[in-house]
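Worksheet for the structure shown next.
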Amino acid sequence: MTDFVVYDVFTDSAFGGNQLAVIPDATALPEDDLQRIAREFNFSETTFVYPPTDSAHTAKVRIFTPTMEIPFAGHPTIGTAIALRDLGHEGPMTLELGIGPIPCSFDGAMAAFTTRAKLQRIALPDINLVAKCLGLPQTKIRTDRHPTIQASLGLPFVIVELTDQSALSAATPAIDAMREGAALHPAGLDFAIYAYVQDGDTIHARMFAPLDNIPEDPATGSAAATLGALLTEIGMSDLNLTILQGTDMGRPSNIGVKTVMGQPVSVTISGKAIQTMTGRLTLPVNAA
């Protein structure tokens, strides 16, 4: 039997933020069961922790959505770091992810990680298609600062700026249109869309990835990092942002984003997490 813990991430209150299942020691689990376990939890991500490949690092972490393994995601990085700290790890740590080693640090209850991955500008999806995907008229999409753009710091998202918060609240993903987007722009696999409205240093955001069995995500650190890098490159200046997500689905999240202009942009994501469950996997080995 293998222990697990569940955390709500990017929040300091239970039943807020984004749920994450963490398997702190996955060494006994058969490879074929990892995806099935993630699908059984059915959270946006589940992490499986292994001994590090490099002894100078803390752990190797594999991240699974309900449908696939992914190389990087923000709330699993923050949540896993806090879980390992709560289990006894002291001081800063380095987690080996699919995009490479990610350093993590702590300041009281707050955890943070920094990525210096180069921002990839993958594609410019048609604004009409993106509007259809969000169930919004095209007039609700802003393009004066940047076009609708598929970009990535390790996990691709279609970044979309909207005109106002009422448009953000009204967004409703359309599955058929998102399937069309995924076929036209397969780099993202699920054509995940990160829509946002900016008010000074505060950003209100929503993320939809229904093709990955995530109708809406209450907190998306990897998308927040991608947005931070994109806005930094556009404005050519450092940023210190607060991203509020999950409000419309009743799971408010608070994500800190700090960037430093450079080649590439350095992005630090920070947030809190609270444990809500502990348990034990009792699945038979190699269960079908």
Side-chain angles (χ1 to χ4, degrees), residues 9-12 16-18 72-79 81-82 102-121 141-165 167-169 171 192-208 216-249 251-273:
V9 185
F10 289 123
T11 180
D12 57 4
N18 201 349
F72 170 66
H75 102 273
T77 304
I78 292 290
I82 290 176
I102 295 290
C104 303
S105 61
F106 301 92
D107 182 6
M110 189 80 70
F113 70 83
T114 299
T115 176
R116 294 177 177 85
K118 179 178 174 57
L119 178 69
Q120 300 176 47
R121 300 183 183 220
I141 296 178
R142 283 186 60 175
T143 57
D144 53 311
R145 290 202 300 169
H146 65 80
T148 53
I149 182 170
Q150 187 179 59
S152 175
L153 286 181
L155 197 62
F157 296 92
V158 178
I159 306 294
V160 185
E161 184 174 12
L162 300 182
T163 56
D164 52 69
Q165 287 192 51
L168 186 66
S169 294
I193 295 182
Y194 192 65
Y196 76 96
V197 174
Q198 184 166 6
D199 180 12
D201 291 335
T202 299
I203 286 178
H204 299 268
R206 299 178 71 185
M207 199 288 280
F208 306 102
E216 182 170 356
D217 201 33
T220 317
S222 50
T226 302
L227 176 62
L230 177 65
L231 295 180
T232 299
E233 288 190 355
I234 290 170
M236 298 294 290
S237 63
D238 301 350
L239 294 175
N240 189 351
L241 303 171
T242 297
I243 295 185
L244 304 178
Q245 191 178 337
T247 306
D248 289 279
M249 55 187 303
R251 297 192 67 94
S253 304
N254 189 311
I255 305 170
V257 181
K258 290 185 179 181
T259 70
V260 177
M261 185 62 197
Q263 296 296 330
V265 173
S266 172
V267 183
T268 298
I269 298 294
S270 60
K272 299 179 181 179

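Only heavy atoms go into these numbers, but all of them, side chains included; no hydrogens, no water, no symmetry mates.
Taking the centre of each ring, Phe208 and Phe157 stay at or above the 6.0 Å mark.
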Inset, instruction - List the steps and the verdict of side chain to side chain contact (heavy atoms under 4.5 Å, CB included) for Val267 and Arg116. - result: CA-CA 6 Å; Val267 183; Arg116 294 177 177 85; over 6 Å; no
Inset, instruction - Go through the steps to decide whether Gln245 and Arg251 satisfy the test side-chain hydrogen bond (donor to acceptor under 3.5 Å, both in side chains), and finish with yes or no. - result: CA-CA 8 Å; Gln245 191 178 337; Arg251 297 192 67 94; over 6 Å; no
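Atom-to-atom distance recorded for Leu162:CG and Arg206:CZ is 9.5 Å, nearest 0.5 angstrom.
Counted by atom type alone, Thr202 and Asp199 present zero donor-acceptor pairs between their side chains at under 3.5 Å. A donor-acceptor pair shorter than 3.5 Å can be found between the side chains of Asn18 and Asp217. Using a 3.5 Å distance cut-off with no hydrogens or angles, the side chains of Ser169 and Asp248 do pair a donor with an acceptor.
At least one donor-acceptor pair closer than 3.5 Å links the side chain of Asp164 to the backbone N or O of Ala167. Distance alone, capped at 3.5 Å, places no donor-acceptor pair between the Thr220 side chain and the Ser222 backbone. In this structure a side-chain-to-backbone donor-acceptor pair under 3.5 Å is present from Asp238 to Met261. Formation of a donor-acceptor pair under 3.5 Å by the Ser253 side chain with backbone atoms of Pro218 is found in this model.
With respect to the salt-bridge test (charged N to carboxylate O, under 4.0 angstrom), the residues Glu233 and Arg121 qualify.
The two residues Ala224 and Val257 come nearest to each other via the heavy atoms CB-CG2, 4.0 Å. Contact record, Ile243 with Ala205: CG2-CB, 4.1 Å, taken as the closest heavy-atom pair. Taking all atoms of both residues into account, the shortest heavy-atom contact from Thr226 to Leu155 is OG1-O, 4.4 Å. Scanning all heavy atoms of the two residues, the minimum distance from Ala151 to Leu119 falls at CB-CD1, 4.1 Å. The nearest pair of heavy atoms linking Leu239 to Gly228 is CD1-O, 4.0 Å. Taking all atoms of both residues into account, the shortest heavy-atom contact from Ser152 to Gly154 is OG-N, 2.8 Å.
Side-chain contact check for Asp201 versus Thr242: every heavy-atom pair is 4.5 Å or farther apart. Leu231 is listed as a side-chain neighbour of Arg145, based on a closest heavy-atom distance under 4.5 Å. Side-chain contact between Ser237 and Thr232 is absent, with no heavy-atom pair separated by less than 4.5 Å. Ile159 has its side chain out of reach of Thr148: every pair of non-hydrogen atoms, C-beta onward, lies at least 4.5 Å apart. Side-chain contact between Phe113 and Ile78: present, with at least one pair of heavy atoms (C-beta onward) separated by less than 4.5 Å. Looking only at side-chain heavy atoms (C-beta outward), Phe10 and Leu244 stay at 4.5 Å or farther from each other.
For the side chain to side chain contact (heavy atoms under 4.5 Å, CB included) test with Leu230, the passing option among Ile149, Thr259, Leu153, Val265 is Ile149; the others fail.
Taking the six-membered ring where tryptophan is involved, the planes of His146 and Tyr196 are essentially parallel, since the angle between them stays under 30° and well short of 60°.
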